[in-house]
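To start, the structure under review is shown below, and the notes come after it.
Each ligand, and each atom within it, is numbered from 1 in the order the structure gives. Computed from a prediction, not measured in an experiment: that's the story for all the values here. This chain uses plain numbering: 1 for the first residue, then up along the sequence.
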Amino acid sequence: METLKTTVAIIGAGPSGLLLSQLLHQAGIDSLIVERTSRARVLERIRAGVLERGTVEGMEEAGCAARLHAECIPHDGVILSFDGEQFEIPVREITGYHVIVYGQTEITKDLIEACEARGQAIYWECPDAVLADLETAVPKVQFTTPEGETHRIEAEIVAGCDGFHGVCRQSIPEARRRAFERTYPFGWLGVLVDEPPVAHNVIYANHEDGFALASMRSETRSRYYVQSAPGETVEDWSSDRFWEAFTRRLGALGQQVRTGEPIEMSIAPLRSFVSEPMRFGRLFLAGDSAHIVPPTGAKGLNLAFADVRRLSRAIITWKDGGQDAALEAYSVEALARVWKIERFSWYLTSMMHQFPEHSGFEKRMQRAEFDYIRSSEAGQKTIAENYVGLQF
Ligand code: RFL
Ligand code: PHB
């Protein structure tokens, strides 16, 4: 067994783990990354698309924003639609800021390339990481490489960046953590298609048949979603069924949709989840390992990056002065922001989807909420400041 020594052992080479490694490197702090799956699998995942200012700043701090700035699509507004009626919230006019569209796939690629260019060790395809001694000054991570070699990392800090299904959260004894969860009675069927997007801005639509979302990856590639029923799989959705549902749910705009053969189709469940605290001894959780938001509002990756920026600063301060205070504040400060983002994602999900258990009363409430926002400057400001990203 080989023993590897590093300052920060990072579990997970998703966007959180990669950004953390890159930010630490900029501050002269070394790390090792252990990833369950292959480089190719990590690079092919299609997820987030809409990025807040703070996420762009994170990529800039990491020295990885050149391609993002060259290729991203700025969005100055967001469109809400209810039973075919639409209006736009002028996010930039209200807040002074905008969001951008730049795929998570591209973020991951830029970060992996930056890590590799400086020789960062990433152990791919190591699915059996085990954490130990987390409450000591030398926490350890043991894992096996695809070649069958066992390695043991001796670190000063372990960063749990291994997503919702990872090992890090589970390594905190049950008596020392508490989960808060809500699962929603539907999923999102996502489709990627090489056709120009139906509108320049993102559209969130509530229709009596269910939710629909129109987004994009470029001027020629669209990313569309529809609400799917619980238990449905991609096999239940032919492309004809998807286009019929999607175009109907968008109302008049639906007629302008350019349909085509999807190049990817997948279904994701929707859930809200927070595990408290985000620290156990020298283990720190960041991103989806600690919390999940439903994708309505496009917050998951943005929230993960906010955690990682906060954690990197805490580690850098701690290494500079040797004081524990910065590390101790991490969980409390991160969670304060996490709950605000959970609230917004839950709120927008609640307003924009069809819930099987809803009576006519809840449906009227959704409609009244839509009408209120459409007619109220204050209502639009609330959505706009959350959509563009709360201060971190
Ligand atoms: P990830 O991306 O899940 O990465 C975790 C990594 O850890 C690895 N791993 C392990 N490694 C070692 N040992 C183990 N035992 C391990 N277990 C797991 C995994 O293989 C993986 O590589 O978490 P991370 O880095 O925290 O990033 C979070 C984001 O990926 C997520 O929040 C977003 O994708 C959410 N999300 C969106 N976020 C936005 O900000 N804007 C959006 O527009 C947006 N749209 C979305 C989304 C998520 C979606 N899905 C599919 C859930 C749209 C969708 C449809
Ligand atoms: C996306 O572009 O994939 C996207 C956009 C907005 C969301 C979620 C996903 O709320």
Where ligand 2 meets [X] - atom numbers and elements under 4.0 angstrom, heavy-atom basis:
X	answer
Arg223	3 (O)
Gly297	10 (O)
Val50	5 (C), 6 (C)

Inset, instruction - Using distance alone, decide if ligand 2 has a nitrogen or oxygen within less than 3.5 Å of any nitrogen or oxygen in Thr296. - result: no
Inset, instruction - May I ask you to check if ligand 2 and Ala298 share an N or O to N or O distance below 3.5 Å? - result: yes
Inset, instruction - Using the test side chain to side chain donor-acceptor pair (under 3.5 Å), find all partners of Tyr387 that sit at least two apart in sequence or belong to another chain. - result: none
Inset, instruction - State which residues pass side chain to side chain donor-acceptor pair (under 3.5 Å) with Arg182; sequence neighbours excluded, sorted by chain then number. - result: none
Legend entry - Backbone N/O of Ala48 and side chain of Gln104: donor-acceptor pair under 3.5 Å: yes
Inset, instruction - Report the member of Trp188, Tyr224, Tyr225, Tyr102 with the shortest heavy-atom distance to atom 4 (C) of ligand 2. - result: Tyr225
Inset, instruction - Out of Arg217, His75, Met216, indicate the one that has the non-hydrogen atom closest to atom 1 (C) of ligand 2. - result: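 It is Arg217 that holds the nearest heavy atom.
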Quick one: nearest non-hydrogen protein atom to [atom], plus distance?
atom	answer
atom 2 (O) of ligand 2	Ser215 OG, 2.6 Å
atom 8 (C) of ligand 2	Pro295 O, 3.5 Å
atom 6 (C) of ligand 2	Tyr204 OH, 3.4 Å

Inset, instruction - For residues Lys109 and Leu43, determine if any side-chain heavy atom of one lies less than 4.5 Å from a side-chain heavy atom of the other. - result: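 A side-chain contact under 4.5 Å exists here.
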Ion pair [X]/[Y], N-O distance below 4.0 Å:
X	Y	value
Asp371	Arg374	yes
Arg223	Glu264	yes
Glu333	Arg313	no

Inset, instruction - Check if Arg47 has a non-hydrogen atom at a distance under 4.0 Å from any atom of ligand 2. - result: yes
Inset, instruction - Flag the pair His353 / Phe186 as yes when their ring centroid distance falls below 6.0 Å, and as no otherwise. - result: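 When the ring centroids of His353 and Phe186 are compared, they turn out to be within the sub-6.0 Å range.
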Legend entry - Side chain, backbone, both or neither: Val101 near ligand 2, heavy atoms under 4.0 Å: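 No part of Val101 comes within reach of ligand 2.
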Inset, instruction - Sequence neighbours left out, what passes ring pair (Phe, Tyr, Trp, His ring centres under 6.0 Å) with His200? Give chain and number order. - result: His75
As a test of reading the model: which N/O atoms of the protein lie under 3.5 Å from N/O atoms of ligand 1, and at what distance?
{"unit_1": "ligand 1", "atom_1": "2 (O)", "unit_2": "Arg47", "atom_2": "NH1", "d": "2.9"}
{"unit_1": "ligand 1", "atom_1": "3 (O)", "unit_2": "Arg47", "atom_2": "NH1", "d": "3.2"}
{"unit_1": "ligand 1", "atom_1": "11 (N)", "unit_2": "Arg36", "atom_2": "N", "d": "3.0"}
{"unit_1": "ligand 1", "atom_1": "20 (O)", "unit_2": "Glu35", "atom_2": "OE2", "d": "2.6"}
{"unit_1": "ligand 1", "atom_1": "22 (O)", "unit_2": "Glu35", "atom_2": "OE1", "d": "2.7"}
{"unit_1": "ligand 1", "atom_1": "22 (O)", "unit_2": "Glu35", "atom_2": "OE2", "d": "3.2"}
{"unit_1": "ligand 1", "atom_1": "22 (O)", "unit_2": "Arg45", "atom_2": "NH2", "d": "2.6"}
{"unit_1": "ligand 1", "atom_1": "25 (O)", "unit_2": "Pro15", "atom_2": "N", "d": "3.3"}
{"unit_1": "ligand 1", "atom_1": "25 (O)", "unit_2": "Ser16", "atom_2": "N", "d": "2.9"}
{"unit_1": "ligand 1", "atom_1": "25 (O)", "unit_2": "Ser16", "atom_2": "OG", "d": "3.2"}
{"unit_1": "ligand 1", "atom_1": "26 (O)", "unit_2": "Ser16", "atom_2": "OG", "d": "2.8"}
{"unit_1": "ligand 1", "atom_1": "26 (O)", "unit_2": "Asp288", "atom_2": "N", "d": "3.0"}
{"unit_1": "ligand 1", "atom_1": "30 (O)", "unit_2": "Arg47", "atom_2": "NH1", "d": "3.0"}
{"unit_1": "ligand 1", "atom_1": "30 (O)", "unit_2": "Gln104", "atom_2": "NE2", "d": "2.7"}
{"unit_1": "ligand 1", "atom_1": "32 (O)", "unit_2": "Asp288", "atom_2": "OD1", "d": "2.8"}
{"unit_1": "ligand 1", "atom_1": "32 (O)", "unit_2": "Asp288", "atom_2": "OD2", "d": "3.3"}
{"unit_1": "ligand 1", "atom_1": "32 (O)", "unit_2": "Gly300", "atom_2": "O", "d": "3.3"}
{"unit_1": "ligand 1", "atom_1": "32 (O)", "unit_2": "Leu301", "atom_2": "N", "d": "3.2"}
{"unit_1": "ligand 1", "atom_1": "34 (O)", "unit_2": "Gln104", "atom_2": "OE1", "d": "2.6"}
{"unit_1": "ligand 1", "atom_1": "38 (N)", "unit_2": "Gly300", "atom_2": "N", "d": "3.2"}
{"unit_1": "ligand 1", "atom_1": "38 (N)", "unit_2": "Leu301", "atom_2": "N", "d": "2.8"}
{"unit_1": "ligand 1", "atom_1": "40 (O)", "unit_2": "Ala298", "atom_2": "O", "d": "3.1"}
{"unit_1": "ligand 1", "atom_1": "40 (O)", "unit_2": "Gly300", "atom_2": "N", "d": "3.3"}
{"unit_1": "ligand 1", "atom_1": "40 (O)", "unit_2": "Leu301", "atom_2": "N", "d": "2.7"}
{"unit_1": "ligand 1", "atom_1": "40 (O)", "unit_2": "Asn302", "atom_2": "N", "d": "3.0"}
{"unit_1": "ligand 1", "atom_1": "40 (O)", "unit_2": "Asn302", "atom_2": "ND2", "d": "3.2"}
{"unit_1": "ligand 1", "atom_1": "41 (N)", "unit_2": "Ala298", "atom_2": "O", "d": "3.1"}
{"unit_1": "ligand 1", "atom_1": "43 (O)", "unit_2": "Gly49", "atom_2": "N", "d": "3.0"}
{"unit_1": "ligand 1", "atom_1": "43 (O)", "unit_2": "Val50", "atom_2": "N", "d": "3.4"}

Legend entry - Trp237-Tyr225 co-clustered via ILVMFWY side chain contacts under 4.5 Å: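 No, Trp237 and Tyr225 fall in different hydrophobic clusters.
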Inset, instruction - Establish, from distance only, whether the side-chain atoms of Thr183 and Glu181 form a donor-acceptor pair under 3.5 Å. - result: no
Legend entry - Between Tyr224 and Ser222: side-chain donor-acceptor atoms closer than 3.5 Å: yes
